[in-house]
Every structure is written in structure tokens, then in C-alpha cells.
Amino acid sequence: MQTSKAILSALALALAAVHTTLAVVLPPSDDSTTTSARPTRKGGTATTLSVSEKARSWMQFDLSALPAGVTGDQIAAAVLRVYVSTQTRDSVVSIALPTGAWIEDTLTHATAPAVSAPIFVDVPLPAGTKKSFVTLDVTAIVQAWVDAPTTNHGFVLYGKAGLPSVGFDSKENLAAGHYPQIDVTFVTVPGPQGPAGPQGAAGTPGAAGTAGTAGTAGATGPTGPKGDKGDTGNAGAAGSVGPQGPAGPQGLQGVSGNNALYGDGSAGAFTAPVTTSTLDITNTQFTNFTVPVGATLNVPSGTTIRCTGTFTNNGTVVVGAPPPGSGNALMIYGAYDRFDVGPIPLPIRRAALDSLIWHPFAGAANAADTISGNVSSGVSPGGGTLRIVAIGTIQNTGSIQALGGDAQTEVKGSTGGGLVVLASKIAITQEGTLSCKGGNGAPSVVAAIIDSGGGGCIRLLAPSITLGVGAVNDVSHGTQPAKPGPPYNGGASYGLSNQSGYFIQTLQDPTALFY
């Protein structure tokens, strides 16, 4: 506790002489480590915060460093920074929010409060991350804390089964000085108005003013008698053109700039019928798009649904297979792996994934022909591609499916799962099922096996993403037949053959990324 007081004192001296600021660093008020291996152990005095399969790290931040009177909507950005001090191999870390109060002096695994659903899932920590800071955007969370300070219980970091532990510097590590912190940037906050100064001395009299304007005319006298009618005069010359009249009201502004990503709404509002139907993709630029409960909507692969309003799915959306031969596009961009070539490194696969998000024919590659090696000869359809972009919110309580096909024999192998991209300028709420699962493998007639199709990819992009408790985000590979012998190819997607794909969520406005 003494360390955080020293940090706050230094910040107070820096802010004492100003009433307006643009950036503040929030230091930790409490941090500790708990472990299920020792449920009653207290870790508030440790210099390292540990994260592993059994250990959790807790950190809480003092908002009193912010200027008085600041509100959540004045926070422009808030970034969580933690320093990786110990690490042996590649690992991941997930982050959630404690739902109750705690202090480092008494916190143990047995007394720890419950935690929320994760706000960041499996943040990658490659081995090269050691001795460097990891940063995460927590703007929305800090805004909520500022408006409701009693909800500020900090963060909890936890690891994943089977992966190595990671250590972060705590506030007690005075030698390193790499304590956890939140960098806050906000709009200019004016300070209180100072007292009025003393009245100045009277000035010298000014010069006499100019003469005033003439007074108003007197009342009109009585009307005289009507005279005789005079002769009609000659027509006068045409007068000069009068002044131009005022401009009329401005018309509605058309779609422009980066918002062109979300279409122009020319297809109007769409509501799928409560039956099985196929989306007409002649024009997919909608205002609001709704799939009600009981409706099943088939969508061709490669479709991008654009909404100037909201997208709501309470039914079932089924993505069709890619056009014949289009699956090879994944191999061209490095997202396809064959067992006899070896796995493509993770950074290359991730770069290929980003480049394919808006590729018109991105989809899963078919399995290789195990006899001729002809990759395009597998006939099971691969998982297709669907992109949904909306200026308003995207909400899914139903099911969206882009599944790979199952293998039949070694010449008709399995295929990989597809690609589903949800991108909202405001927020995404995922409470239903998103599935890009790969196809199932099949036994071979030549004493071998056909690999199951690799898992596909689910990509969520929005400033705010909420995952419901029962949400299903399936990017798994298909089932593998239990038969000995060397493996033949299964279709690959964003994961390798017989390996899972990617579920990626990015807290960012997608407009600038993909316009």
C-alpha cells in the first residue's frame, strides 16, 4: 500500500499547479496473485504477478489521479499496460473483471470474488514478448468506472491449461519500476473560474460623440379632397432585376467518406420470412436486416451484407459453399497447409487471414486427391464466406453457419471451415452460435486416414463486444477417424488440416481498417 501512496503523491505534485490536462497515468492501488494450489495463500507483497493454469493475477487502479469533475464521456482513450518480466515459451493470457470488492492485504484464492465473462480471450504472448510491455484498449471499461466508481474492482488475468506460466512486474517491484498502469487520455477539462480582480481606476472622459440621427416624422395631416382623374401615362421602362432570393433548405446528405463501407441503404429494410428461403444478392445494401425466430436464410458464399442501421439474427443463417475452384485462393495467400509440405508459420497465416477478410472468393480449400495429388479434385464443398457490416449494432441470438464438408473416401476428402466476419461501428452482442467448423475425416481404403478439415475463422470487430454466457464460437476442426497408417490430406482453412482455426475479436471501429 505504501508504494501506491508514493506514486499518487508524485502525480498530485505534477497536477497541483494546473486545472486543465490531456493525459493522466493511473497507478495501481492494489495487486496480488492467488493460486488454487494454495487456496489460503496471500500474495499482496510479491514483486511478481503470476499467471498460469492455476495462478491468477489481480490488479486494481486508483481513479483519484483524474481531475475532479471528469465524466466518462470526457475519456478519449484508456490503455492498460503490464510488463512481462518472466516467460519461457509462447503463451496466452485472458482478462476478466472481478464482480466484487477486494484488497491485496486479505485476498486469497478462497476469498476472491467471482469474475465476469472474459473481455479479452487468449491474448497471444509470443516468447519475444519478455522484457516488454503488453498494451490493451480498456477505454469503455474506464469510462464506466468514472461514471460509477463503485464498479471499479480492477482486472483479473488468468492463463490456459497446458501453456507455460507468465510473470508480470507488480507495484512492489521498486527496482524495475515497471508497475501496471492505465494511460488515460481525455478531452480538455476546464478548471474552476478564478475570483474577480480589483476594479481599475476611472479612465479619462472620452471625446464628444457625433450628432444623433434625425427624430421621427410628425403625424400625417388630414386627407385633402380627391382630384380629377388624370390621363393615363406612357408605360415606363422595365425595372432592373431584383436581388436574388434566399437559398432553399439543403437536401439530405448522401453516403460519403468511410461510411461507404456500410452501403447506402438502397435495398431498404429486410425481414426474412418465417420459412426456408434464399437471400437475393442483387442488392445487399440495406437499412436494417432482421432474421426472426423460425426463419432459415440461405446466403451464397462471398456475400457482404451492408447495413446503414442494425443487423439482428434470431433465426438460422446458412452460408453456401464457395464457387468451384475458389478454395484454391486460400492456398495462393498461404492459408492452406499440406502434411507433406509442413506447417506454414503462424505470422504468415495471420497475415494471410487479414488479407482475405475482404477477398471476394475466400473460402475453404478442398482436400487433396491422395492418388494424383490434384488439390482441386476433392468434391466435398468447403466452408463459405459471409461478411456483415453495420453502422448500428449487430446482435446474434440465433445461429450463423459456414461449415466444411465431410470426407467420403481418400479421393473425396474433407474440407475446411469457412469465414464469418461481423463488423459494427458501435457494438456487437454475440449470445447465439457462430460455427465455422471443418469437415469430418473418413477412413481410407488404403490403410490410411483422411485428415479432418481445419477449423475456419470467426472475426468480430467493434468498439464494444459482448459475449453471452451461452454463446458458442466454434472454429474447431472436424472429427478424425481412428485408423492406423500415414495420414492423407484433409482440407485446410484458417487452421491446418485436423487443427482448429481462429476466433478473433478486436475492440476497434472497423471503418478505417477496411474502407
> Would you check, one step at a time, whether the test salt bridge (charged side-chain N to carboxylate O under 4.0 Å, His left out) holds for Asp509 with Lys425?
CA-CA 5 Å; Asp509 183 345; Lys425 193 175 179 67; 3.3 Å; yes
> What are the two closest non-hydrogen atoms of Leu261 and Val389, and how far apart are they?
O-CG2, 3.6 Å
> Going by heavy atoms in the side chains, are Val134 and Val84 under 4.5 Å from each other?
yes
> Using only atom types and a distance under 3.5 Å, with no angle test, would you say the side chain of Asp90 pairs donor to acceptor with the backbone of Ala127?
yes
> Could you walk me through whether Thr111 and Thr106 pass the side chain to side chain contact (heavy atoms under 4.5 Å, CB included) check?
CA-CA 8 Å; Thr111 63; Thr106 60; 5.7 Å; no
> Go through the side-chain N and O atoms of Thr397 and Gln395 and say whether any donor and acceptor fall under 3.5 Å apart.
no
> Would you say Val156 and Ser94 make side-chain contact, with heavy atoms under 4.5 Å?
no
> Donor-acceptor pair, Thr139 side chain versus Ala78 backbone, under 3.5 Å?
yes
> If you compare all heavy atoms of Ser301 against all heavy atoms of Gly384, which two are closest, and at what distance to 0.1 Å?
OG-CA, 3.3 Å
> Does Asn288 use its side chain to pair, donor to acceptor, with the backbone of Cys307 at less than 3.5 Å?
no
> Between Asp169 (side chain) and Tyr83 (backbone), is there a donor-acceptor pair under 3.5 Å?
no
> Compare every heavy atom of Lys130 with every heavy atom of Thr86, then report the nearest pair and how far apart it is.
CA-CE, 4.4 Å
> Quick check: closest heavy atoms across Gly72 and Val146, and the distance to 0.1 Å?
N-CG1, 3.7 Å
> To check you understand the geometry: which heavy-atom pair defines the closest contact between Leu49 and Met59, and what is its length?
CD1-CE, 3.7 Å
> Determine, using ring centers only, whether Phe155 and Trp102 are less than 6.0 Å apart.
no
> If I take atom NZ from residue Lys171 and atom OG1 from residue Thr45, how far apart are they, to the nearest 0.5 angstrom?
9.5 Å
> For Gln87 and Pro126, indicate whether the former's side chain and the latter's backbone hold a donor-acceptor pair under 3.5 Å.
yes
> Between Phe168 and His178, is the ring centre distance below 6.0 Å?
no
> Show the nearest heavy-atom pair for residues Ser435 and Leu403, with the distance to one decimal.
OG-CD2, 3.2 Å
> Does any N or O in the side chain of Gln401 come within less than 3.5 Å of the main-chain N or O of Val318, such that one atom is a donor and the other an acceptor?
no
> For Ser57 and Thr33, indicate whether the former's side chain and the latter's backbone hold a donor-acceptor pair under 3.5 Å.
no
> Report yes if the side chains of Gln505 and Val121 come closer than 4.5 Å at any heavy-atom pair, otherwise no.
yes
> Could you measure the distance from the CG atom of Leu386 to the CD1 atom of Ile400? Nearest 0.5 Å is fine.
6.5 Å
> If we ignore angles and hydrogens, is there a donor and acceptor under 3.5 Å between the side chains of Ser132 and Thr129?
no
> Donor-acceptor pair, Thr310 side chain versus Gly392 backbone, under 3.5 Å?
no
> So do the side chains of Ile141 and Leu97 get within less than 4.5 Å of each other, counting heavy atoms only?
yes
> Any heavy-atom pair between the side chains of Val92 and Leu163 that's under 4.5 Å?
yes
> Answer yes or no: is there a side-chain heavy-atom contact under 4.5 Å between Leu26 and Leu63?
yes
> Taking the side chain as every heavy atom from C-beta outward, state whether Ile75 and Val70 have any pair of such atoms under 4.5 Å apart.
yes
> Just how far is it from atom CG of Asp137 to atom CG of Leu507, taken to the nearest 0.5 Å?
6.5 Å
> Can you tell me how far apart CD (Gln60) and CG (Asp31) are? Round to the nearest 0.5 Å.
10.0 Å
> To the nearest 0.5 Å, what is the distance between CD1 (Ile95) and OG (Ser116)?
11.0 Å
> Are side-chain heavy atoms of Thr429 and Ile394 found at a separation under 4.5 Å?
no
> If you measure from the Lys or Arg side-chain nitrogens to the Asp or Glu carboxylate oxygens, is any gap between Arg81 and Asp183 under 4.0 Å?
yes
> Determine, step by step, whether Leu434 and Leu422 satisfy the side chain to side chain contact (heavy atoms under 4.5 Å, CB included) criterion, reporting the C-alpha distance in whole Å, the side-chain angles of both residues, the deciding distance to 0.1 Å, and the verdict.
CA-CA 10 Å; Leu434 299 177; Leu422 305 183; 4.1 Å; yes
> Has Ser85 got a side-chain atom pairing as donor or acceptor with Gly167's backbone, closer than 3.5 angstrom?
yes
> Tell me if a side-chain donor or acceptor on Ser32 pairs with a main-chain N or O of Gly44 at a distance below 3.5 Å.
yes
> What distance separates Glu104 CD from Ser29 OG, expressed to the nearest 0.5 Å?
8.0 Å
> Can Phe503 and Leu467 be said to form a side chain to side chain contact (heavy atoms under 4.5 Å, CB included), step by step?
CA-CA 12 Å; Phe503 171 64; Leu467 300 180; 4.2 Å; yes
> List the steps and the verdict of side chain to side chain contact (heavy atoms under 4.5 Å, CB included) for Val291 and Phe289.
CA-CA 7 Å; Val291 181; Phe289 194 101; 3.7 Å; yes
> Do we see a donor-acceptor contact under 3.5 Å between the side chains of Thr34 and Trp58?
yes
> Would you say the side-chain atoms of Asn473 and Gln430 include a donor-acceptor pair closer than 3.5 Å?
yes
> I'd like to know if the side chain of Ser52 pairs up with that of Tyr158 as donor and acceptor (distance under 3.5 Å, no hydrogens or angles considered).
no
